[in-house]
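Predicted, not measured: the structure shown is a model, and the values here were computed from it.
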Amino acid sequence: MKMAAPTASKAASLGCNNKPAFPELDFRSGARVEELNKLIQEFTKHDQREYDDQRALEIHTAKDFIFSMLGMVQKLDQKLPVANEYLLLSGGVREGVVDLDLDELNVYARGTDYDMDFTLLVPALKLHDRNQPVTLDMRHSALCHSWLSLRLFDEGTISKWKDCCTIVDHINGATNYFFSPTKVADWFYDSISIVLSEIQKKPQRGMPKVEKVEKNGTIISIILGVGSSRMLYDIVPVVSFKGWPAVAQSWLMENHFWDGKITEEEVISGFYLVPACSYKGKKDNEWRLSFARSEVQLKKCISSSLMQAYQACKAIIIKLLSRPKAISPYHLRSMMLWACDRLPANYLAQEDYAAHFLLGLIDDLQHCLVNKMCPNYFIPQCNMLEHLSEETVMLHARKLSSVRSDPAEHLRTAIEHVKAANWLTLELQRRGSTTSIPSPQSDGGDPNQPDDRLAKKLQQLVTENPGKSISVFINPDDVTRPHFRIDDKFF
């Protein structure tokens, strides 16, 4: 008597299916998803520093110093509002926490120049007495940008700020003062420099040491040494508005991922004009709309696994796409917000999907480059990549293609970078000093003998680590700062 062969489902249930279960792979690169998840977790472990009580006190001391300094700036000429509302953001401008152009910024590296970084938005002017949508003068500007006439303010404000304005005379004889971002930034830097000079004449015990004060375009960057920590503050003069701009009203009509999680009142409580102009805009007159206050609220609704993927992706692209400067971490942040609107919340909440999210963000960024299209999240009709040349976008798209072909290797490189930065911070703390660690070609010694220093360092490592593999890693973006790997440990 013949018997029919068992079906596949029956064979599986009888234990006849002996095929091994394949690990989940990324189709494009062949990378194991489980390995990518582990690498992202390792990156997160090294990137997110836990602060002890001492470090928390140092952060608080630096913040108090900056706020006291701004109070003294206000007293200089009474330009700044007496009762002001600052917005303090974790991460510097270079990290993409605000939509500002990075072209004019000096390069600072965590571990080498600072240990923690912050962005502080300081209103030079406030317009907080309006409940209706705010209509801005966008006749002379590209989308997402505006000129600001002081006619919106009282005579006292015009009198105080007219020296920081460009003046336009009309045919009818009237004079219009337009608030100038470049002139405001110049005034702000000069005022901060005067105040810091006065403070340093009478140093007090426990007061932070001012390591560096620089004007980077329209941003003032201050590095403070507090105890064993170095804090970078990027201070940005802004114009603060309550309410919501009329140009972004249609965005409120759409469905969003944060619906039901936070209230609309929290999201649209205010916006800013930041000192940045469009590609063809007039630098002296044009400001850029910023929704940094809203983004703080939206961040609360993003899953931890997506945020981990975003931070890892940012660490990869921030170096890879730095030259020519065309892509900012803010573009990546915008793409992440669009992804939150596009994808189901329960999918984005999966804790073990960080690898999928990382690969998706790389794909999204490459798609935006190839199509030269990255809509602003709050004003979608504004394409933030519109001004880029075809050559630039294709160059960056090809670089991203190399990342997509081997994401694991690029993650390992990002991990080594952050471990090196952490090691430099720990080395500085061990020395008990807040002075920057000199690089082989820094001003800390004879500039004619950088190679001799490197040789001595290598000789010391060889002596202290007999029988171990020692290699030197040199960042191609900054060949003056070598780091070392002993076996699998990176320094």
Checklist entry - Have E58 and S229 got a donor and an acceptor in their side chains that come within less than 3.5 Å? => result yes

Item to check | Side-chain donor or acceptor of K215 paired with backbone N/O of Y189 under 3.5 Å | outcome: no

Checklist entry - Do K38 and Q41 pass the side-chain hydrogen bond (donor to acceptor under 3.5 Å, both in side chains) test, and can you show the C-alpha distance, the side-chain angles, and the key distance before you say yes or no? => result CA-CA 5 Å; K38 287 179 178 176; Q41 287 171 8; over 6 Å; no

Next on the checklist: So, taking the atom named CE in M336 and the one named CG in D341, what distance separates them when rounded to the nearest 0.5 Å?
Outcome noted: 11.5 Å

Checklist outcome for this item: Smallest heavy-atom separation, W147 atom then E286 atom, equals CD1-CA, 4.1 Å

Next on the checklist: Under a 3.5 Å cutoff, is there a donor and acceptor pairing between the side chains of T425 and D115?
Outcome noted: yes

Checklist entry - M231 versus I223: any side-chain heavy-atom pair under 4.5 Å? => result no

Next on the checklist: Please tell me whether W251 and Y377 form a close aromatic pair, meaning their ring centres lie under 6.0 Å apart.
Outcome noted: yes

Item to check | P123 side chain reached by K126 side chain, heavy atoms, under 4.5 Å | outcome: yes

Next on the checklist: Using the rule given for ring-ring contact (aromatic ring centres under 6.0 Å, His included), can you reason through W287 versus F179, listing the C-alpha separation, both sets of side-chain angles and the distance that settles it, and then say yes or no?
Outcome noted: CA-CA 9 Å; W287 299 78; F179 207 41; 5.6 Å; yes

Next on the checklist: Does this structure show an ion pair linking K45 with E42, if we count only N-O contacts that are shorter than 4.0 Å?
Outcome noted: no

Next on the checklist: For A355 versus N37, what's the shortest heavy-atom pair and its separation?
Outcome noted: N-OD1, 2.9 Å

Next on the checklist: Keeping S197 on the side-chain end and S193 on the backbone end, is there a donor-acceptor pair under 3.5 Å?
Outcome noted: no

Checklist entry - Stepwise, does the side chain to side chain contact (heavy atoms under 4.5 Å, CB included) test hold for L76 with M72? => result CA-CA 6 Å; L76 272 182; M72 295 174 70; over 6 Å; no

Checklist entry - Would the number of heavy atoms belonging to other residues, nucleotides or ligands and lying under 6.0 Å from NZ of K79 be above 12? => result yes

Next on the checklist: K261 vs E266, test: salt bridge (Lys or Arg N to Asp or Glu O under 4.0 Å). Steps then yes/no.
Outcome noted: CA-CA 11 Å; K261 298 175 183 176; E266 290 176 287; over 6 Å; no

Checklist entry - Does NE2 belonging to H387 count more than 12 external heavy atoms closer than 6.0 Å? => result yes

Item to check | Y272 and F241: CA distance, side-chain angles, deciding distance, ring-ring contact (aromatic ring centres under 6.0 Å, His included) verdict | outcome: CA-CA 6 Å; Y272 298 99; F241 293 85; 8.8 Å; no

Item to check | Side chain to side chain, S305 and D352, heavy atoms closer than 4.5 Å | outcome: no

Item to check | Distance in Å, S278 OG paired with L143 CG, rounded so as to fall on 0.5 Å steps | outcome: 9.5 Å

Checklist entry - Between D99 and R288, does at least one N-O distance fall below 4.0 Å, as a salt bridge requires? => result yes

Checklist entry - If only atom types and distance count, is the side chain of H331 paired as donor or acceptor with the main-chain N or O of S328 below 3.5 Å? => result yes

Next on the checklist: Between Q74 and N84, is there a side-chain donor-acceptor contact under 3.5 Å, judged purely by atom types and distance?
Outcome noted: no

Checklist entry - Looking only at heavy atoms, what is the nearest atom pair of I40 and A309, with distance? => result CG2-N, 4.4 Å

Item to check | Closest approach of A312 to L411 (non-hydrogen atoms, all atoms of both residues) | outcome: CB-CD2, 3.9 Å

Next on the checklist: Testing the basics here: between A315 and A414, what is the closest heavy-atom pair and its distance to 0.1 Å?
Outcome noted: CB-CB, 4.2 Å

Checklist entry - Going through the distances and angles, do N376 and S334 end up as a side chain to side chain contact (heavy atoms under 4.5 Å, CB included)? => result CA-CA 7 Å; N376 182 287; S334 299; 5.7 Å; no

Checklist entry - Can you list the steps and then say if K160 with D154 is a salt bridge (Lys or Arg N to Asp or Glu O under 4.0 Å)? => result CA-CA 10 Å; K160 276 192 287 191; D154 57 46; over 6 Å; no

Checklist entry - Do the side chain of D259 and the main chain of H256 share a donor and acceptor less than 3.5 angstrom apart? => result yes

Item to check | Spacing of CD1 belonging to I222 relative to CG belonging to D234, to within rounding of 0.5 Å | outcome: 9.5 Å

Checklist entry - If you measure from CZ on F257 to CG on L298, what distance do you get to the nearest 0.5 Å? => result 4.5 Å

Checklist entry - When rounded to the nearest 0.5 angstrom, what is the spacing between CD1 in I158 and NZ in K162? => result 8.5 Å

Next on the checklist: Taking the side chain as everything from C-beta on, heavy atoms only, tell me whether K319 gets closer than 4.5 Å to H417.
Outcome noted: yes

Checklist entry - Any ion pair linking R230 and D117 (charged N to carboxylate O, less than 4.0 Å)? => result no

Checklist entry - Does the pair L289 and L136 meet the rule for a side chain to side chain contact (heavy atoms under 4.5 Å, CB included), with working shown? => result CA-CA 10 Å; L289 275 77; L136 298 166; 4.0 Å; yes

Item to check | Qualifying residue for side-chain contact (heavy atoms from CB on, under 4.5 Å) with V274, from V238, T218, V93 | outcome: V238

Item to check | More than 12 heavy atoms from other groups under 6.0 Å of CG on D53 | outcome: no

Checklist entry - Do the non-hydrogen side-chain atoms of I317 and L400 ever get within less than 4.5 Å of each other? => result yes

Checklist entry - Quick one: are the ring centres of F291 and W244 less than 6.0 Å apart? => result yes

Checklist entry - Heavy-atom count around E351 CD within 6.0 Å, excluding the residue itself: above 12? => result no

Next on the checklist: Between V73 and I192, is there a side-chain heavy-atom distance shorter than 4.5 Å?
Outcome noted: yes

Checklist entry - Strictly by modelled atom types, are D364 and W338 linked by a side-chain donor-acceptor pair under 3.5 Å? => result no

Checklist entry - Side chains of Y330 and E95: donor-acceptor distance under 3.5 Å anywhere? => result no

Next on the checklist: What's the separation between atom CG in L306 and atom SG in C301, rounded to the nearest 0.5 Å?
Outcome noted: 12.0 Å

Checklist entry - Thinking salt bridges, do R110 and D47 make one under a 4.0 Å N-O criterion? => result yes

Checklist entry - Of V236, L88, I235, I219, which is the lone residue that meets side-chain contact (heavy atoms from CB on, under 4.5 Å) with T119? => result V236

Next on the checklist: Quick check: do S149 and F178 have side-chain heavy atoms less than 4.5 Å from each other?
Outcome noted: yes

Checklist outcome for this item: S269 and K242 have their tightest heavy-atom pair at O-CD, 3.3 Å

Next on the checklist: Before you tell me yes or no, could you show the steps for F378 and E295 under side chain to side chain contact (heavy atoms under 4.5 Å, CB included), namely the whole-Å CA-CA distance, both residues' side-chain angles and the distance that decides it to 0.1 Å?
Outcome noted: CA-CA 10 Å; F378 299 93; E295 287 164 5; 3.5 Å; yes

Item to check | T61 vs F65 side-chain heavy atoms within contact, under 4.5 Å | outcome: no

